[in-house]
Amino acid sequence: MSTSPYQGTANSAPIKRTVTVKTLRDMKSSGEKIAALTAYDASFAALLDDVGVDIQLVGDSLGNVIQGLDSTLPVSVDDMIYHARAVATQCRHGLRMVDMPFMSYWSIDTALQNAARLMKEGGAQMVKLECTQAQEAIIRALVNEGIPVCAHLGLRPQSVHKLGGYRVQGRDAAAAEAMLIEAQRLQDAGADVLLLEAVPASLAAQITQQVEVPVIGIGAGSDCDGQVLVLYDILAITPGKRPKFSKDFLANGGDIRAAIQTYVNDVKAKRFPSSEHSFT
């Protein structure tokens, strides 16, 4: 399969591919890498859509990069709806994934109510939850109502205080085995996509091979089915220190469009991430 975000023939104008849950599954099956980035507003959403980003993630990372907060914990459902709605006005081809913020899915009823708002008011096409096995029932309930779900494993920023900081997860044998089991169970509960953050590359490769659904990595090595980064990190405008797993795609000059296009091309061509952007 071509890695271009466009479809068409030599005698017709290119037509942008509209990415759906099925598209992502087909990409995993064919070996085409999935390129995802965060988006928080209409202007960047239009640019990402034009460049051919497969998934635009309206992340609760907006708490850090937009609101200037120390963590994602204060971000509200209303915040997510506001930014998701802005992105939805211009993201017409990439799949729109939206984070469910801290404590917005503490029960099945709460999760259903807030996911419905994110889809109806924010234009989400998939919601993302930071998960352990404790969220299996919530995922089943969301999926039963026709809501696509991404299950986020590994480093879960909403649990930063419980985890003792932003630390790589799954390094010891017991933790790795537990994550393998969690990944399988969350897929079986109905998760359409798994996202692995700050996980050793070898463990991420095992999980990617084990499950049938697409696996998106961020700091999880090159063997995942796709990659996601925070947009402001790849443009080197995030305040403070950039994570090890990210890369400044503007470092060699050029403009913002070129940097984003290079990121997409490097993911598709399996040039990113390299070992320096991964954990062991």
Side-chain angles (χ1 to χ4, degrees), residues 1-8 10 13-19 23-24 27 31-68 83-84 86-97 99 195 197-198 201 216-279:
M1 176 183 285
S2 169
T3 59
S4 170
Y6 303 97
Q7 295 177 330
I15 301 173
K16 289 184 182 179
R17 174 177 63 187
T18 298
V19 179
T23 309
L24 299 178
M27 292 172 76
E32 179 184 354
K33 294 292 186 178
I34 299 162
L37 280 171
T38 62
Y40 314 103
D41 61 52
S43 297
F44 271 118
L47 179 54
L48 269 57
D49 211 47
D50 192 51
V51 166
V53 172
D54 298 308
I55 298 173
Q56 293 196 29
L57 168 61
V58 184
D60 60 0
S61 52
L62 66 88
N64 305 108
V65 301
I66 301 293
Q67 298 175 337
H83 288 276
V87 168
T89 66
Q90 298 299 321
C91 176
R92 301 186 176 97
H93 299 96
L95 185 141
R96 300 187 300 274
M97 182 189 294
D99 272 339
L195 187 145
E197 180 170 359
I216 310 296
I218 177 168
S222 60
D223 290 319
C224 297
D225 299 307
Q227 301 294 326
V228 64
L229 287 176
V230 172
L231 174 63
Y232 289 15
D233 285 348
I234 76 164
L235 302 178
I237 58 175
T238 303
K241 184 180 178 181
R242 191 174 67 249
K244 165 188 165 67
F245 52 71
S246 189
K247 178 182 177 180
D248 177 2
F249 281 84
L250 268 176
N252 295 323
D255 58 20
I256 289 174
R257 175 183 290 272
I260 296 171
Q261 185 69 73
T262 299
Y263 166 75
V264 172
N265 292 346
D266 284 1
V267 170
K268 297 286 186 181
K270 306 179 184 180
R271 292 188 293 265
F272 180 84
S274 65
S275 58
E276 67 179 294
H277 306 111
S278 306
F279 298 103

Test item: Thr38 side-chain N/O and Leu57 main-chain N/O as donor-acceptor pair under 3.5 Å: no

Listed partners of Arg271 passing salt bridge (Lys or Arg N to Asp or Glu O under 4.0 Å), at least two apart: Asp266

Nearest heavy-atom neighbours spanning Val58 and Ala84: CG1-N, 3.8 Å

Side chain proximity check, Lys268 to Asp54, heavy atoms < 4.5 angstrom: yes

Pair Val19-Ile34, side-chain contact (heavy atoms from CB on, under 4.5 Å): steps then yes or no: CA-CA 10 Å; Val19 179; Ile34 299 162; over 6 Å; no

Pair listing, ring pair (Phe, Tyr, Trp, His ring centres under 6.0 Å) test, anchored in residues 236-258, at least two apart: Phe249-Tyr263, Phe249-Phe272

From CD1 (Ile218) to CG (Leu195), nearest 0.5 Å: 7.0 Å

Euclidean distance, Asp60 CG relative to Ile66 CD1, rounded to 0.5 Å: 12.5 Å

Minimum heavy-atom distance Pro273-Ser222, with the two atoms named: O-CB, 3.5 Å

Salt bridge (Lys or Arg N to Asp or Glu O under 4.0 Å) partners of residues 232-252, not counting sequence neighbours, each pair once: none

Euclidean distance, Gln90 CD relative to Asp50 CG, rounded to 0.5 Å: 10.5 Å

Contact check, side chains of Val65 and Val230, non-hydrogen atoms, under 4.5 Å: yes

Partner set under side chain to side chain contact (heavy atoms under 4.5 Å, CB included) for His93, not counting sequence neighbours: Lys16, Thr18, Asp49

Nearest heavy-atom neighbours spanning Gly221 and Ser278: CA-OG, 3.4 Å

Check: Cys91 main-chain N/O paired with Arg96 side-chain donor or acceptor under 3.5 Å: yes

Set of salt bridge (Lys or Arg N to Asp or Glu O under 4.0 Å) partners for Asp223, sequence neighbours left out: none

Spacing of Gln56 atom CD and Leu95 atom CG [to the nearest 0.5 Å]: 10.0 Å

Donor-acceptor contact below 3.5 Å, side chain Gln227 vs main chain Leu37: no

Heavy-atom pair of closest approach, residues Ala42 and Thr89: CB-OG1, 3.6 Å

Distance, nearest 0.5 Å, that separates CD1 of Ile260 from CG of Leu229: 11.5 Å

Any residue meeting ring-ring contact (aromatic ring centres under 6.0 Å, His included) with Tyr232, in chain and number order, not counting sequence neighbours: Tyr40

Atom pair CE (Met97) and CG (Leu24), whose distance is rounded to the nearest 0.5 Å: 7.5 Å

Minimum side-chain heavy-atom gap Val53-Leu47 below 4.5 Å: no

Residue Asn252 excluded, over 12 heavy atoms near CG under 6.0 Å: no

